[in-house]
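Just the heavy atoms: all of them, side chains too, but no hydrogens, waters or symmetry mates, feed the values below.
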Amino acid sequence: MPDPEVPSTRREARAAAEAAAAAAAGHQAAAPASPPASPAAAPAAARVTLRDRIRRRPTAWAVGAAAVALALLGGGAFGAGAAVGAAQRPEAAAVAPATSVTPTETPEPAATPTPTADPRAVPQAVAAPAPVRTCSVADLAADPRLGTMLGAVRDATTGELLFDRGASTFARTASVMKVLSSAAALAVLGPDHRVPTTVVRGSVPGQVVLVGGGDITLASQGSNIYTDAASLPDLAAQTLAAWNADPATAGTSITSIVLDASVFSGDRWQSSWNRKELYDGYSSEVTGLQVDGDRADPSANVSARSENAVLRAGQAFALALGAPQANLAEGVAPAGAPQLGQVLSAPVSTMIPDALLRSDNTEAEMLARLVAVKLGVGNDFAALNTAIPQALAGYGLDTAGLTIVDGSGLSDLNGVSPAFLTQLFVKIQNREGSLGVIRDGLPVAGRSGTLAGRYGDSPAAGHVIAKTGWIDTGYTLSGIVEAADGTVLTFAVFALDDVGDSAKTAIDALVTGVYECGGNLANT
């Protein structure tokens with residue numbers, strides 16, 4: 001008798017589901033354990049068993065029925081495919097156990113993964129084509145008069161290094177070193193800084209102390225080769241006025257003068273310098289107290305220097321005081337001693353053009369040493385190797401590798417690369433900080449300073465603004481080129497080792513070639 005709660009179509013679906021489940025479980029492959037039931041008994045047994053099973057697990061049977069329906073819709077093609085797959089895969093006869101499902105829960109359908117786009121390579125922006133430069137100065141750079149040649153040329157606007165001949169090699173610069181000392185002084189001392197020379201009362205009756213602040217430009221006769229130099233006679237007049245205004249000293253004579261040059265210490269002549277520079281008149285000893293750059297002739301650029309610059313300053317001061325017989329001795333001023341007079345040098349912004357245009361070694365040494373004193377890193381030659389790089393690093397320059405032995409460039413032991421100089425001159429051309437002082441104070445080819453007699457009728461005359469350098473082992477030139485095509489370039493050329501005065505002509509020819517090439521300069 002049909003089950004009144006289940007329509008015949010649902011009974012057939014459930015029967016089909018049961019048969020499909022039995023087949024999947026391998027019931028059809030197994031031999032019957034007993035003779036089949038009679039046709040009359042079998043349906044009844046089947047109905048009882050099916051009903052019981054459905055009542056026990058209604059949800060699982062519903063899922064099974066749905067699977068069978070899908071299989072029937074698939075038709076013979078699905079069955080044939082399954083048969084072929086089973087024949088090809090022997091392990092298909094083993095069926096994994098069914099996953100149990102809690103009767104009170106309906107399994108949620110598996111989540112469909114969100115489609116993701118296949119990764120695609122992102123095309124890179126096409127780089128701008130590099131300019132093809134065709135103007136070469138290779139033949140000029142190979143001139144044997146240049147000896148061991150190092151060189152660099154840089155576009156001052158883009159910073160690109162256009163020409164490289166050992167540009168990263170650190171070597172002696174000769175007087176181009178004065179540019180580094182000047183840049184350091186502007187960074188640390190400032191363009192308005194003035195250097196004092198002071199007189200204070202001594203520790204015994206009749207004594208005064210002349211205290212040098214490092215100003216080597218002090219004029220023994222009121223004026224000298226240096227622009228707006230402080231006047232030693234003016235300092236003497238202040239001293240006498242204060243001396244005579246004090247009842248304790250009025251009417252008495254000055255009989256002793258102590259010379260305090262302790263602002264600088266250590267050796268007064270760099271051991272790597274050739275001593276003939278002193279006698280030939282190119283440089284004095286480096287002392288914290290001197291007059292006229294220690295020149296025998298205060299009005300001459302090149303003039304023999306003495307072997308005791310401090311003593312020469314003391315003698316000049318004694319004459320200015322009207323006390324030529326006063327005892328002179330080096331010493332240190334008493335702490336807290338009353339001041340009797342003081343004069344100030346021209347500002348740093350005035351002294352730098354002097355040092356660059358004339359290539360004044362003594363003035364450059366003064367500026368470099370004052371940088372070290374101001375930074376508190378020492379007051380001798382050794383302090384410069386710390387002070388100058390530290391000061392230049394403030395401009396954002398990489399100072400690694402620099403070797404600074406002096407402030408003037410006289411030493412063969414200095415080490416600066418052409419590449420570094422071109423970077424520094426970019427800063428100078430752009431007038432960063434107070435570096436415009438250097439830009440305006442450099443010699444100009446065929447026009448001023450140590451370049452006044454060079455370049456002659458070269459088309460680069462008036463367009464090369466640079467610092468010259470010359471020592472026994474090399475000639476150098478570094479600065480700025482205002483090229484024929486309007487490009488502004490910075491450059492450095494070193495002609496080193498066995499070279500003669502003709503190296504200057506070869507350098508100027510090379511730089512003229514750079515001027516003519518301009519932005520089309522090729523590194524070939």
Query raised in the report: Between N520 and T134, is any side-chain donor less than 3.5 angstrom from a side-chain acceptor?
Result: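 The answer is yes; a qualifying pair exists.
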Query - Option passing side-chain contact (heavy atoms from CB on, under 4.5 Å) with L477 (candidates D508, T450, V176) - result: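 Of the listed options, the one satisfying the test is D508.
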Query raised in the report: What are the two closest heavy atoms between A391 and A187, and how far apart are they?
Result: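 Answer, listing the atom of A391 first, then A187: O-CB, 4.0 Å.
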**Report entry** Electrostatic pair R275-E285, nearest N-O below 4.0 angstrom
**Finding:**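 Yes.
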Query raised in the report: Hey, are R439 and Q429 close enough side-chain-wise for a donor-acceptor pair under 3.5 Å?
Result: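 Judged by distance alone, the side chains do pair up.
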**Report entry** Residues in ring-ring contact (aromatic ring centres under 6.0 Å, His included) contact with W273, at least two apart in sequence or another chain
**Finding:**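 With neighbours one apart ignored, the set is W269, F381.
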**Report entry** S417 side-chain N/O to F170 backbone N/O, donor-acceptor pair under 3.5 Å
**Finding:**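 No, S417 side chain to F170 backbone: no donor-acceptor pair under 3.5 Å.
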Query raised in the report: Are R201 and Q339 side-chain neighbours, meaning at least one heavy-atom pair lies under 4.5 Å?
Result: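 When only atoms from C-beta onward are counted, Q339 and R201 do not touch, as no gap falls below 4.5 Å.
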Query - Heavy-atom closest contact (T512 atom, A460 atom, distance) - result: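 That would be OG1-CB, 3.9 Å.
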Requested in this report: Give, for atom CG of D192 and atom OG of S434, the distance between the pair rounded to the nearest 0.5 Å.
Outcome: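 Separation between the atoms: 8.0 Å.
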Query raised in the report: How far does CG of D406 sit from CZ of R369, to the nearest 0.5 angstrom?
Result: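 Interatomic distance, D406 CG to R369 CZ, rounded to 0.5 Å: 10.0 Å.
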Query raised in the report: Looking at E365 and K178, does any basic side-chain N land under 4.0 Å from a carboxylate oxygen?
Result: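 Salt bridge between E365 and K178, a charged N being under 4.0 Å from a carboxylate O: no.
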Query raised in the report: Between S303 and A300, is there a donor-acceptor pair closer than 3.5 Å when you use the side chain of the first and the backbone of the second?
Result: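 No.
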**Report entry** Sub-4.5 Å side-chain heavy-atom contact between L489 and L162
**Finding:**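 Side-chain contact under 4.5 Å: yes.
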Requested in this report: Test D354 against R358 for salt bridge (charged side-chain N to carboxylate O under 4.0 Å, His left out), laying out the working first.
Outcome: CA-CA 6 Å; D354 270 351; R358 280 197 307 272; 3.5 Å; yes
Requested in this report: Please report the closest heavy-atom contact between G407 and A368, naming both atoms and the distance.
Outcome: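 Smallest heavy-atom distance, with atoms named: CA-CB, 3.8 Å.
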Query raised in the report: Between the side chain of D155 and the main-chain N/O of T158, is any donor-acceptor distance below 3.5 Å?
Result: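 Judged by distance alone, yes, a pair lies under 3.5 Å.
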Query raised in the report: Where the side chain of S136 meets the backbone of A138, is there a donor-acceptor pair that is under 3.5 Å apart?
Result: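 Yes: the side chain of S136 pairs with the backbone of A138.
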Query - Closest heavy-atom pair and its distance - E363, A355 - result: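 Heavy atoms of E363 and A355 come nearest at OE1-N, 3.4 Å.
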Query raised in the report: Between V208 and V200, is a side chain to side chain contact (heavy atoms under 4.5 Å, CB included) present by the stated rule, with each step listed?
Result: CA-CA 6 Å; V208 296; V200 300; over 6 Å; no
Requested in this report: For F317, check ring-ring contact (aromatic ring centres under 6.0 Å, His included) against everything at least two apart and list the hits.
Outcome: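 Testing F317 for ring-ring contact (aromatic ring centres under 6.0 Å, His included), a comparison that skips the adjacent residues, returns none.
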**Report entry** Side-chain donor or acceptor of T487 paired with backbone N/O of A483 under 3.5 Å
**Finding:**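 Side chain of T487 to backbone of A483: no pair is present.
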Query raised in the report: Does R194 have any salt bridge (Lys or Arg N to Asp or Glu O under 4.0 Å) partners at least two apart in sequence or in another chain, and if so, which?
Result: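 With sequence neighbours excluded, R194 shows a salt bridge (Lys or Arg N to Asp or Glu O under 4.0 Å) to no residue whatsoever.
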Query raised in the report: Of all heavy-atom pairs between C517 and V137, which one has the smallest distance, and what is that distance?
Result: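 Smallest heavy-atom distance, with atoms named: SG-CG1, 4.0 Å.
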Query - Considering all heavy atoms, the nearest I438-V179 contact - result: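 Smallest heavy-atom distance, with atoms named: CD1-O, 4.0 Å.
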Report task. Report the distance from atom CD1 of I471 to atom CG of N274, rounding to the nearest 0.5 Å. Result ->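 Between I471 CD1 and N274 CG, I get 10.5 Å after rounding to 0.5 Å.
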Listing, residues 383-390 side-chain donor-acceptor contacts under 3.5 Å, not counting sequence neighbours, or none:
from : atom 1 : to   : atom 2 : distance (Å)
N385 : OD1    : I404 : N      : 2.8

Query - Beyond-backbone contact of L289 with L210, side-chain heavy atoms, under 4.5 angstrom - result: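 Sidechains of L210 and L289: in contact.
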**Report entry** Polar contact flag, side-chain donor to acceptor under 3.5 angstrom, N523-R133
**Finding:**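 Looking only at side-chain atoms, R133 and N523 do not form any donor-acceptor pair under 3.5 Å.
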Query raised in the report: Could you walk me through whether Y226 and D360 pass the side chain to side chain contact (heavy atoms under 4.5 Å, CB included) check?
Result: CA-CA 10 Å; Y226 297 106; D360 193 295; 2.8 Å; yes
Query raised in the report: Does one side chain, of S306 or N308, offer a donor that lies under 3.5 Å from an acceptor on the other?
Result: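 The criterion, which ignores hydrogens and geometry beyond distance, is not satisfied for N308 and S306.
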Requested in this report: Give, for atom OG1 of T476 and atom CD1 of I507, the distance between the pair rounded to the nearest 0.5 Å.
Outcome: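 One finds 7.0 Å between OG1 of T476 and CD1 of I507.
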**Report entry** Ion pair R268/E330, N-O distance below 4.0 Å
**Finding:**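 Looking at R268 and E330, the cut-off is met.
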**Report entry** Atom OH of Y282 with >12 non-hydrogen neighbours under 6.0 angstrom
**Finding:**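 Not more than 12 within 6.0 Å, no.
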Query - pair T468-P443: side-chain heavy atoms closer than 4.5 Å - result: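 T468 vs P443: side chains apart.
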Query raised in the report: Hey, are R305 and D294 close enough for a salt bridge, meaning a charged N less than 4.0 Å from a carboxylate O?
Result: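 No, this pair does not count.
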Report task. Report yes if the side chains of V514 and F163 come closer than 4.5 Å at any heavy-atom pair, otherwise no. Result ->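 SC-SC contact between V514 and F163 ruled out.
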Query raised in the report: Given side chains that start at C-beta, do those of C135 and L521 come closer than 4.5 Å, heavy atoms only?
Result: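 Side-chain contact under 4.5 Å: no.
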**Report entry** Y279 and E307: CA distance, side-chain angles, deciding distance, side chain to side chain donor-acceptor pair (under 3.5 Å) verdict
**Finding:** CA-CA 9 Å; Y279 307 122; E307 293 189 346; 2.5 Å; yes
Query raised in the report: Is it the case that N379 and S265 place a side-chain donor and acceptor less than 3.5 Å from each other?
Result: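 Yes - a donor-acceptor pair under 3.5 Å links their side chains.
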Requested in this report: Applying side chain to side chain donor-acceptor pair (under 3.5 Å), run through S359 and S175 and close with a yes or a no.
Outcome: CA-CA 7 Å; S359 201; S175 286; 3.2 Å; yes
Report task. Give a yes-or-no answer on whether the side chains of S284 and T362 include a donor-acceptor pair shorter than 3.5 Å. Result ->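 Their side chains do contain a donor-acceptor pair, which is all the 3.5 Å distance test asks for.
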Query - Approximate separation, where rounding is to 0.5 Å, of L140 CG and L146 CG - result: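 So the gap between those two atoms works out to 9.0 Å.
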Query raised in the report: Does any pair with a residue in residues 403-443 pass ring pair (Phe, Tyr, Trp, His ring centres under 6.0 Å), and if so which ones, sequence neighbours excluded?
Result: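 As it turns out, there is no ring pair (Phe, Tyr, Trp, His ring centres under 6.0 Å) pair with a partner in residues 403-443 once direct neighbours are skipped.
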**Report entry** Full working for side chain to side chain contact (heavy atoms under 4.5 Å, CB included) between L510 and V493
**Finding:** CA-CA 9 Å; L510 174 57; V493 179; 4.0 Å; yes
Query raised in the report: For residues D412 and T473, is any side-chain donor paired with an opposing acceptor at under 3.5 Å?
Result: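 Checked: D412/T473 side chains pair up, N/O donor to acceptor below 3.5 Å.
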Query raised in the report: Under 3.5 Å, is there a donor-acceptor pair between the S220 and D292 side chains?
Result: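 Yes, because at least one side-chain N or O of S220 sits under 3.5 Å from a partner of the opposite role on D292.
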Query raised in the report: Nearest 0.5 Å, what's the CG-OG1 distance between L240 and T249?
Result: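 OG1 of T249 is found 10.0 Å from CG of L240.
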Query raised in the report: Is any side-chain heavy atom of L370 less than 4.5 Å from a side-chain heavy atom of V195?
Result: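 They are in side-chain contact.
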Report task. Could you tell me whether the side chain of M177 reaches within less than 4.5 Å of the side chain of V416, counting heavy atoms only? Result ->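 V416 reaches M177 side chain to side chain.
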Report task. Taking salt bridge (Lys or Arg N to Asp or Glu O under 4.0 Å) as the test, write out the residues that go with D440, two or more places apart. Result ->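 Scan of D440 (salt bridge (Lys or Arg N to Asp or Glu O under 4.0 Å), adjacent residues dropped) gives R431.
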Query raised in the report: Among side-chain atoms of S283 and E277, is any donor-acceptor pair under 3.5 angstrom?
Result: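 No, because no side-chain N or O of S283 sits under 3.5 Å from a partner of the opposite role on E277.
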Query - From CA spacing to verdict: side chain to side chain donor-acceptor pair (under 3.5 Å), D497, T148 - result: CA-CA 6 Å; D497 300 327; T148 301; 2.6 Å; yes
Query raised in the report: Is it true that a side-chain atom of S478 and a backbone atom of F491 form a donor plus acceptor pair closer than 3.5 Å?
Result: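 Yes, the answer is positive, given that a donor and an acceptor are paired below the 3.5 Å cut-off.
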Query raised in the report: Salt bridge between R295 and D297, side-chain N to carboxylate O under 4.0 Å?
Result: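 Looking at D297 together with R295, the answer is no, because their closest N to O distance does not fall below 4.0 Å.
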